[in-house]
Amino acid sequence: MFGGTGFLGRRIVRHLRSRGFPVRIASRHPDLGDRQFGPDDPQLQSIQADIQDERSVADALAGAYGVVNAVSLYVEHGQETFHSAHVESAQRVAAQAHRAGVDRLIHISGIGADAASPSRYIRKRGEGELAVRAAFVEALFIRPAVMFGPDDAFLNTILTLLRRLPIYPMFGRGATRLQPAYVEDVAEAIGQIMQRAETPSTIFELGGPRVYSYEEFLRVVAHQAGLAPRLIPIPFAVWHALAWASEILPSPLLTRNQVELMQIDTVSSPEVPGFVELGITPHSVEAILQKMLPNSG
Ligand SMILES: NC(=O)c1ccc[n+]([C@@H]2O[C@H](COP(=O)([O-])OP(=O)(O)OC[C@H]3O[C@@H](n4cnc5c(N)ncnc54)[C@H](OP(=O)(O)O)[C@@H]3O)[C@@H](O)[C@H]2O)c1
């Protein structure tokens with residue numbers, strides 16, 4: 001499980017374990033894996049691995065039945081670029097998995113991945129999918145919509161800003177459509193896909209139960225939090241400049257790839273399998289928010 005210490009990855013680990021799979025978490029910070037999952041499960045192993053390094057990828061895959069790649073990179077720095085993380089390393093995992101005789105490869109990408117996109121981030125996600133399929137023909141692709149959960153960076157940032165700002169600046173006119181998915185539902189889908197008998201290469205797009213415009217989404221979140229913000233449109237060019245400046249910080253509040261993703265609709269296509277085909281009824285933002293907000297529910 002590459003990326004098993006991350007926001008989505010640690011949930012995938014739990015869902016795989018609950019289905020009886022022994023799991024090896026491969027990340028650069030195995031101590032984090034140990035801390036997150038505790039020492040009591042003998043079927044859970046945390047090992048040091050860097051997806052940029054061929055040898056450590058090969059070692060991590062030794063003897064594995066399946067592999068999930070949920071590694072992310074949201075800001076480029078030094079040798080870590082969108083190309084190295086999302087294309088070269090994704091290809092490395094797929095090629096090494098093929099070489100090691102791994103049965104099942106699940107590659108996590110994102111709705112909107114497109115090798116022809118003008119956005120470097122979105123293009124590299126698309127190129128990554130193509131490179132993975134070329135190296136491992138039966139690879140399975142999961143494209144989640146933007147994900148939410150109690151410890152996310154998405155809803156929590158919106159809530160913090162809604163509470164603090166007298167006026168709320170929207171991405172553009174707030175017309176971009178999004179279909180947020182609950183992170184536990186996505187992890188459940190991946191657990192299920194890992195266990196399925198058949199393995200034809202398939203793309204799954206996992207979007208939540210409702211499509212919102214960004215403005216609608218903000219109003220729903222604000223309403224549920226008992227807030228009535230004034231929403232004002234801010235041109236994307238301004239957001240790009242802010243994101244560029246923010247990326248200088250060690251933990252950027254906003255990244256350029258987030259802005260680019262807010263310029264395209266990230267909604268699942270009806271022709272592509274998703275939660276329905278997997279028999280999963282996805283949770284709504286409203287239901288999870290109710291549990292997250294201190295004075296509701
Ligand atoms: N979050 C969303 O809303 C969202 C939406 C759509 C798609 N996705 C996709 O879902 C996947 C998981 O995203 P996330 O938000 O869960 O990411 P995350 O919380 O940032 O976690 C990233 C994981 O990648 C690992 N990692 C990063 N660089 C690595 C390297 N060089 N070698 C080994 N491991 C490395 C990190 O572990 P260490 O740092 O310990 O190595 C961590 O476990 C990504 O493909 C992302 O693009 C996310």
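Remember, it's a predicted structure, so these values are computed and weren't measured experimentally.
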Should Glu216 and Arg219 count as an ion pair when the cut-off is N to O under 4.0 Å?
no

Any donor-acceptor pair under 3.5 Å linking the side-chain atoms of Ser268 with those of Gln179?
yes

Between Gln263 and His240, is there a side-chain donor-acceptor contact under 3.5 Å, judged purely by atom types and distance?
yes

Quick check: do Leu278 and Arg196 have side-chain heavy atoms less than 4.5 Å from each other?
yes

Does this structure show an ion pair linking Arg123 with Asp114, if we count only N-O contacts that are shorter than 4.0 Å?
no

Glu205 and Ser269 side chains, donor-acceptor separation under 3.5 Å:
yes

Do Gln45 and Ile25 touch side chain to side chain, with heavy atoms closer than 4.5 Å?
no

d(Lys291 NZ, Glu286 CD) to nearest 0.5 Å is 13.0 Å

Residues forming a ring-ring contact (aromatic ring centres under 6.0 Å, His included) with Phe204, sequence neighbours excluded:
none

Minimal non-hydrogen separation, Gly207 against Pro282, with atom names:
O-CG, 4.3 Å

Of the non-hydrogen atoms in Thr176 and Ile264, which two are nearest, and what is the gap between them?
CG2-O, 3.1 Å

Same cluster or not: Leu218 versus Val220, using hydrophobic residues (I, L, V, M, F, W, Y) connected whenever any side-chain heavy atoms lie under 4.5 Å apart?
yes

To the closest 0.5 Å, what do you measure between CD1 (Ile106) and CD1 (Ile12)?
8.0 Å

Do NZ/NE/NH1/NH2 and the carboxylate oxygens of Arg10 and Asp151 come within less than 4.0 Å?
yes

Listed partners of Gln195 passing side-chain hydrogen bond (donor to acceptor under 3.5 Å, both in side chains), at least two apart
Arg19

Pairwise distance OG(Ser46) to CG(Leu32) - rounded to 0.5 angstrom:
8.5 Å

Should we say atom NE2 of His83 is surrounded by more than 12 heavy atoms from elsewhere, each under 6.0 Å from it?
yes

Would you call Arg28 and Glu80 a salt bridge, using N to O less than 4.0 angstrom?
yes

Rounded at 0.5 Å granularity, tell me how far CD1 in Ile111 sits from CZ in Arg125.
12.5 Å

Determine whether more than 12 heavy atoms belonging to other residues, nucleotides or ligands lie under 6.0 Å from atom CZ of Arg17.
yes

Is any side-chain heavy atom of Leu73 closer than 4.5 Å to one of His86?
yes

Contacts satisfying salt bridge (Lys or Arg N to Asp or Glu O under 4.0 Å) that involve residues 254-263 (not counting sequence neighbours) are Glu247-Arg256

Using 0.5 Å steps for rounding, measure from the CG atom of Leu155 to the CE atom of Met292.
5.0 Å

Taking every heavy atom of Ala187 against every heavy atom of His15, the minimum-distance pair comes out as CB-CD2, 3.5 Å

Salt bridge (Lys or Arg N to Asp or Glu O under 4.0 Å): which pairs involve residues 157-181, sequence neighbours left out?
Arg177-Asp265

Side-chain H-bond candidate by donor/acceptor type, Ser284 with Arg210, under 3.5 Å:
no

Is the backbone N or O of Pro200 less than 3.5 Å from a side-chain atom of Thr202, with the two atoms forming a donor-acceptor pair by type?
yes

Do Phe154 and Phe148 have their ring centres less than 6.0 Å from each other?
no

In terms of relative ring orientation, are Phe171 and Phe236 parallel, tilted or perpendicular, with 30° and 60° separating the classes?
parallel

Check Gly149 against Tyr182 and note the closest heavy-atom contact, atom names and distance.
CA-CE1, 4.1 Å

Leu253 and Ser246: which non-hydrogen atoms are nearest, and at how many Å?
N-OG, 3.1 Å

Please lay out, stage by stage, how Thr281 and Phe275 fare under the test side chain to side chain contact (heavy atoms under 4.5 Å, CB included).
CA-CA 7 Å; Thr281 306; Phe275 283 128; over 6 Å; no

Using every non-hydrogen atom in the two residues, find where Thr266 and Ala145 come nearest and quote the distance to one decimal.
O-CB, 4.1 Å

In the hydrophobic cluster built from side-chain contacts under 4.5 Å, what are the other members alongside Val272?
Phe2, Ile51, Val57, Leu61, Val67, Val71, Val93, Val102, Leu105, Val132, Phe136, Phe141, Ile203

Applying salt bridge (Lys or Arg N to Asp or Glu O under 4.0 Å), which residue pairs with at least one partner in residues 54-68 are found, sequence neighbours left out?
Glu54-Arg92, Arg55-Asp59

Do Glu129 and Arg143 meet the salt-bridge criterion of a basic N to acidic O distance under 4.0 Å?
yes

Validation row: Leu254, Trp239 side chains within 4.5 angstrom (heavy atoms)
yes

